[in-house]
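Notes to accompany the following structure.
Below, chains carry the letters A, B, ... as their sequence lines are ordered, and counting in each starts from 1.
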Number of protein chains: 2
Amino acid sequence: MNDTFKALADGTRRQIIQLLKEKDMTAGEIAEHFNISKPSISHHLNLLKRAEIVIDERKGQFIYYSLNTTVFQDLVGWFLQFKDGTKGGEEK
Amino acid sequence: MNDTFKALADGTRRQIIQLLKEKDMTAGEIAEHFNISKPSISHHLNLLKRAEIVIDERKGQFIYYSLNTTVFQDLVGWFLQFKDGTKGGEEK
DNA sequence: TAGACGTTTAGAAAATCTTCTAAATAAAGT
DNA sequence: ACTTTATTTAGAAGATTTTCTAAACGTCTA
């Protein structure tokens, strides 16, 4: 869970996620959308991978990245625990 | 949004949120739950405040902190945008 | 108004994160 | 085998974050 939140804490990484929502992309294709060196993008992708937010698959020369949305389910669950908390004692 | 994700990226802050889910607490009361100095806790509370995740209200000598769950609504919305994305072209 | 208590502000040290350049790895084509 | 293209790994510089101690602020009570 900590890796997940850490991964989401960076704007570039969130933008990457948005890109991958549209379609799977290669590392280079992703990098083209940013003003950042390829190694930096590679590093961000690595963090997203460790957080299991993205999955990578090599296809010959290219490595394709895609979103693993199941993690978001857990996240939504985490946030939903705060819904309507009646502050401990549960009234009456 | 960035402040929000940044605020959630720290384990101590997430624990504070969990505490406040149970009941409103003073800064000192919160600090008792951690092995961290009060100024550090104060700093974390400040970040949570700027992210509008918590609200503070002075009551005489004490300052009470409480959760503002409306922000979590937005967060859930953010995550839900990834639900079942048919990858751009929409099937067919 | 002096003292005590709860909390924050200031400023600095230490840890972590982001980014870079240079070099390595991997697959494909010639 | 060598070259080209796609991407990652290594190592370091710079920026941001976390934490600390010391000092200040705000409120209450004697």
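The ring-ring contact (aromatic ring centres under 6.0 Å, His included) analysis of residues 2-27 of chain A, with sequence neighbours excluded, yields the pairs A:F5-A:W78. Applying the salt bridge (charged side-chain N to carboxylate O under 4.0 Å, His left out) test to every pair with at least one member in residues 42-52 of chain B, sequence neighbours left out, gives these pairs: B:K49-B:D56. For the salt bridge (charged side-chain N to carboxylate O under 4.0 Å, His left out) condition, no pair includes a residue of residues 4-20 of chain A, sequence neighbours left out.
Of the listed nucleotides (C:dA22, C:dT18, C:dT7), C:dT7 has the atom at the smallest distance from the side chain of B:A27.
One atom, NZ of A:K38, and another, P of C:dA22, lie 16 Å apart when rounded to the nearest Å. Here the C1' atom of nucleotide C:dA14 and the CD1 atom of B:I36 are 14 Å apart, to the nearest Å. Nucleotide C:dT8 holds its C1' atom 16 Å from the CZ atom of B:F62, rounded to whole Å. Separating the CD atom of A:Q15 from the P atom of C:dT18 is a distance of 14 Å, rounded to the nearest angstrom. In this entry the distance linking CD1 of A:I16 with C1' of C:dT19 reads 13 Å, nearest Å. Taking atom CG on A:D3 and atom P on C:dT16, their separation rounds to 14 Å, with Å as the unit.
A:D74 meets the side chain to side chain donor-acceptor pair (under 3.5 Å) test with no other residue; sequence neighbours excluded. Annotation: side chain to side chain donor-acceptor pair (under 3.5 Å) contacts of A:Q18 (sequence neighbours excluded): none. A:T26 meets the side-chain contact (heavy atoms from CB on, under 4.5 Å) test with A:E29, A:F62, A:Y64; sequence neighbours excluded. Every residue two or more places apart in sequence or in another chain that forms a side-chain contact (heavy atoms from CB on, under 4.5 Å) with A:A9 is listed here: B:A9. A:H43 is linked by a side chain to side chain donor-acceptor pair (under 3.5 Å) to nothing, counting only residues two or more places apart in sequence or in another chain. Residues meeting the side-chain contact (heavy atoms from CB on, under 4.5 Å) test with A:I36, sequence neighbours left out: A:T12, A:F34, A:S40, A:I41.
The nucleotide range of DNA chain D contacted by chain A, defined by atoms under 4.0 angstrom from heavy atoms of the protein and reported 5' to 3', is D:dT5 to D:dT9.
Cluster annotation: B:I63 and B:L47 are assigned to distinct hydrophobic clusters (Ile/Leu/Val/Met/Phe/Trp/Tyr, side-chain heavy-atom contacts under 4.5 Å, transitive).
Closest-nucleotide positions on DNA chain C for A:T12 and B:T26 were compared, and the one nearer the 5' end corresponds to B:T26.
In this structure, A:Y64 reaches neither bases nor backbone, as no heavy-atom distance under 4.0 Å exists between it and the strands shown.
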Protein heavy-atom contacts under 4.0 Å, written 5' to 3' over nucleotides 25-30 of chain C as B (base), S (sugar-phosphate only) or - (none), form the string -SSS--
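The phosphate of C:dC17 (OP1 or OP2) has a side-chain N or O of A:K6 nearer than 4.0 angstrom.
Of the candidates A:L67, A:L20, A:I55, A:I17, A:I17 is the only one forming a side chain to side chain contact (heavy atoms under 4.5 Å, CB included) with A:L48.
A heavy atom lying under 4.0 Å from DNA chain C marks the following residues of residues 41-50 of chain B, by number: B:S42.
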